[in-house]
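Everything on this sheet refers to the single structure shown next.
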Protein chains: 2
Amino acid sequence: MIQNLLNTIESCVALNKEDIALCEAYFEPVLYPKNRIIEEEGQIPRYLYFVVSGFIRLFSYDKDGNEVTSHINCPPGFITSYRHFSDQVPAGENLECISECHLLRISKKDLDYIINESPALKDFSIWVFQQSMSYNENRAKALATLTAEDRYLHFMKSHPDVLHNVPLQYIASFLGMNPKSLSRIRKKITGR
Amino acid sequence: MIQNLLNTIESCVALNKEDIALCEAYFEPVLYPKNRIIEEEGQIPRYLYFVVSGFIRLFSYDKDGNEVTSHINCPPGFITSYRHFSDQVPAGENLECISECHLLRISKKDLDYIINESPALKDFSIWVFQQSMSYNENRAKALATLTAEDRYLHFMKSHPDVLHNVPLQYIASFLGMNPKSLSRIRKKITGR
DNA sequence: CTGATTAAGTAACATTTGTGAAGTGCCGTT
DNA sequence: AACGGCACTTCACAAATGTTACTTAATCAG
């Protein structure tokens, strides 16, 4: 479990023994079943989650009450409503397990503590935050410039694992299109 | 000039005399003409800019070579390719003055220095960074869930000043639609 | 096993948005 | 004043996407 996290961190920054001990002491392993909502819209996000296995999403509702998926992780990676977690203000999104998920979680207080103790972990936490920023920038650019079909083709190439493990309706709303439009696009693509 | 900046900061955090002195010492006023590109794609962003007056945008190019505007500020506010400025890596976007602009700029080195000297300014810089994150989240959500017409209506209400001072072609690409589609939508709206 | 529920696919049609050609008005240059 | 360039508009048509209604397949509770 924890080794998975440490490998991910070390692919970005070098860790010494104290850094590793901090992670082992403050990241808590948890297991959630499929469809469990672990952070709720309107509540202050309690934890930052590292996904060891499973698939997880952020979603909210549009003006007609339809679910809109704004983030789908692929393990290994971090997920939370970053901005609301950092500010400790009520989130605008729900965090839901799409499948059974093995996670490692850390509270805001503990995260603040360990990044204050360890410069390497501080650098890493900034990196995680900035990755989330890139994610939204890239999503907005794709939505603004690509057709629905191109958005799907691009998603298919970059996240094949998500495609095979996440309901298509979630992927459709993440890609900013109707599930039936996604069906049509998928049919068109397989036929060539 | 600088008072405009200080007012903006103080609407978020309280400043003491030392904080104010730091801002006065390290933010440098600059004046750029209309259409000047002040940070270039592929280059490391040198400064964070505070817009005192004027309009400014971030833009890049899509696969067909068309300009895509990804951010249009309205004064007073900050602008830069935040992530690339923070990391000091080559930016993916150009920063261009849409009109003559009075700006206050600060280099990465100086920003790091003043936020290290002043907890209030550090809090504020984090807030600025997070505002930029919200901006992209909101843009992505609008692009994913609203029709072109609704995106324009929403933009019209929230940024009337931009609408009246920025070429419509820039607004169209920011809203993820063709300039002609925007023309049609504008015509439809005025006729009711 | 049966019936109910849900996700996904299909088809026909409606609506929205993109595209190409052409026109208007504005602004600056000469 | 005449000219060219540019931003914006307009129109007709094409293409993409949304919508409604229906079908299929898989899953789950009884």
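Chain letters run A, B, ... following the sequence lines, proteins first, then strands; residues in each count from 1. Note that the coordinates shown come from a computational prediction; the quantities given were computed from them, not determined experimentally.
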Quiz item: Going 5' to 3' on DNA chain C, which nucleotide is the first and which the last to come under 4.0 Å of a heavy atom in chain B?
Solution: dT17(C) to dA21(C)

Quiz prompt | Helical bend (five base pairs per end, nearest 10°) for the helix from dC1(C)-dG30(D) to dT30(C)-dA1(D) | solution = 40°

Quiz item: F78(B) and F124(B): aromatic ring centres closer than 6.0 Å?
Solution: yes

Quiz prompt | Pairs involving residues 4-15 of chain A, ordered by first then second residue, that meet side chain to side chain donor-acceptor pair (under 3.5 Å) (sequence neighbours left out) | solution = Q3(A)-N7(A)

Practice problem: Give a yes or no on whether the backbone of L146(B) and the side-chain of D150(B) come within a donor-acceptor separation of less than 3.5 Å. | Solution: no

Quiz item: Backbone N or O of P45(B) within a donor-acceptor pair of the Q88(B) side chain at under 3.5 Å?
Solution: yes

Practice problem: Taking ring pair (Phe, Tyr, Trp, His ring centres under 6.0 Å) as the test, write out the residues that go with F85(B), two or more places apart. | Solution: none

Quiz item: Can we say E96(B) and R36(B) salt-bridge, meaning some charged N sits less than 4.0 Å from an Asp/Glu carboxylate O?
Solution: no

Quiz item: Sub-3.5 Å donor-acceptor pair from the side chain of N73(A) to the main-chain atoms of G77(A), do we have one?
Solution: no

Quiz item: Taking only residues two or more places apart in sequence, or in another chain, which ones meet H71(A) in a ring pair (Phe, Tyr, Trp, His ring centres under 6.0 Å)?
Solution: Y135(A)

Exercise. Just grab all the ring pair (Phe, Tyr, Trp, His ring centres under 6.0 Å) pairs involving residues 160-183 of chain B, residues at least two apart or on different chains.
Key: F155(B)-F174(B)

Quiz prompt | R186(B) vs dT9(D): side-chain N/O to OP1/OP2 distance below 4.0 Å | solution = yes

Quiz item: Using a heavy-atom distance cut-off of less than 4.0 Å, which residues of residues 162-170 of chain B contact DNA chain C?
Solution: none

Mind listing the N/O atom pairs, protein and nucleotides 12-17 of chain D, below 3.5 Å?
from    : atom 1 : to      : atom 2 : distance (Å)
dT17(D) : OP1    : A148(A) : N      : 2.6

Self-check item: D112(A)/K108(A) salt bridge by N-O under 4.0 Å criterion
Solution: yes

Quiz prompt | Atom-pair distance (OH on Y152(B); P on dC8(D)), nearest Å | solution = 11 Å

Quiz item: Is there a path from L104(B) to V13(B) through hydrophobic residues (I, L, V, M, F, W, Y) whose side chains come within less than 4.5 Å of each other?
Solution: yes

Quiz item: Side chain of R105(B), backbone of L48(B): donor and acceptor closer than 3.5 Å?
Solution: no

Self-check item: Whether S158(A) side chain and H154(A) backbone form a donor-acceptor pair below 3.5 Å
Solution: yes

Quiz prompt | Backbone N/O of E41(A) and side chain of N94(A): donor-acceptor pair under 3.5 Å | solution = yes

Quiz item: Are the side chain of R151(A) and the backbone of G176(A) linked by a donor-acceptor contact shorter than 3.5 Å?
Solution: yes

Quiz item: What residues, two or more places apart in sequence or in another chain, satisfy ring pair (Phe, Tyr, Trp, His ring centres under 6.0 Å) together with F59(A)?
Solution: Y61(A)

Quiz prompt | Residue pairs fulfilling ring pair (Phe, Tyr, Trp, His ring centres under 6.0 Å) with at least one residue in residues 102-122 of chain B, sequence neighbours excluded | solution = Y26(B)-Y113(B)

Exercise. Report, as a single string ordered 5' to 3', how protein heavy atoms within less than 4.0 Å touch nucleotides 21-30 of chain D: B base, S sugar-phosphate only, - not at all.
Key: B---------

Exercise. Residues of residues 60-71 of chain B with any non-hydrogen atom less than 4.0 angstrom from an atom of DNA chain D: list those, numerically ordered, please.
Key: none

